Participant: 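So that we are looking at the same thing, I have put the structure below in structure tokens.
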Amino acid sequence: MSNHESSLRGLWAAVIVLGALMTAMLSTAALWTVGAPAYAALGAGGATFIGVATLGFTLRKFLTE
């Protein structure tokens, strides 16, 4: 790994986490809008965040190695 790639690691982590957070907020808002209970909407948002963040980090690792 070159020095250039390691210096961008934090930037990529921030982009992936912010993207996952935005997706989770949209998922929570969609469920809340259709009348789902609060615990279901928040649980689905949390699961969406974990899934998208995991997928993002895995894809980044796959594409850079």
Side-chain angles (χ1 to χ4, degrees):
M1 180 185 319
S2 68
N3 289 335
H4 181 65
E5 288 179 16
S6 65
S7 65
L8 294 177
R9 185 177 298 166
L11 179 65
W12 276 109
V15 169
I16 291 169
V17 169
L18 286 175
L21 182 63
M22 290 176 59
T23 307
M25 288 189 311
L26 289 173
S27 170
T28 301
L31 285 172
W32 185 267
T33 302
V34 297
Y39 64 87
L42 292 173
T48 302
F49 174 79
I50 291 171
V52 172
T54 302
L55 179 65
F57 285 122
T58 304
L59 283 174
R60 184 196 176 278
K61 185 175 181 180
F62 175 73
L63 292 173
T64 58
E65 290 183 358

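In this text the structure is predicted, and so the values were computed from the model without any measurement. Every heavy atom of this structure was used, including side-chain atoms; hydrogens, water molecules and symmetry mates were not.
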Participant: How long is the straight-line distance from CG of L59 back to NZ of K61, given to the nearest 0.5 Å?
Facilitator: 12.5 Å
Participant: Could you tell me the separation between the CG atom of L55 and the CD1 atom of I50, rounded to the nearest 0.5 Å?
Facilitator: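 L55 CG to I50 CD1: 13.5 Å, rounded to 0.5 Å.
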Participant: To the nearest 0.5 Å, how far apart are CZ in F49 and CG in L21?
Facilitator: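 Output value for this atom pair is 6.0 Å.
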Participant: Which heavy atom of A53 sits nearest to which heavy atom of A20, and what is that distance?
Facilitator: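 Scanning both residues, the minimum pair turns out to be N-CB, 3.7 Å.
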Participant: For the CG atom of L31 and the CG atom of L26, what is their distance to the nearest 0.5 Å?
Facilitator: 11.0 Å
Participant: Would you please name every residue forming a side chain to side chain donor-acceptor pair (under 3.5 Å) with S27, sequence neighbours left out?
Facilitator: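 By the side chain to side chain donor-acceptor pair (under 3.5 Å) rule, S27 matches T48.
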Participant: Do you know the tightest heavy-atom contact between R60 and R9?
Facilitator: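 So the minimum-distance heavy-atom pair works out to NH2-CA, 4.2 Å.
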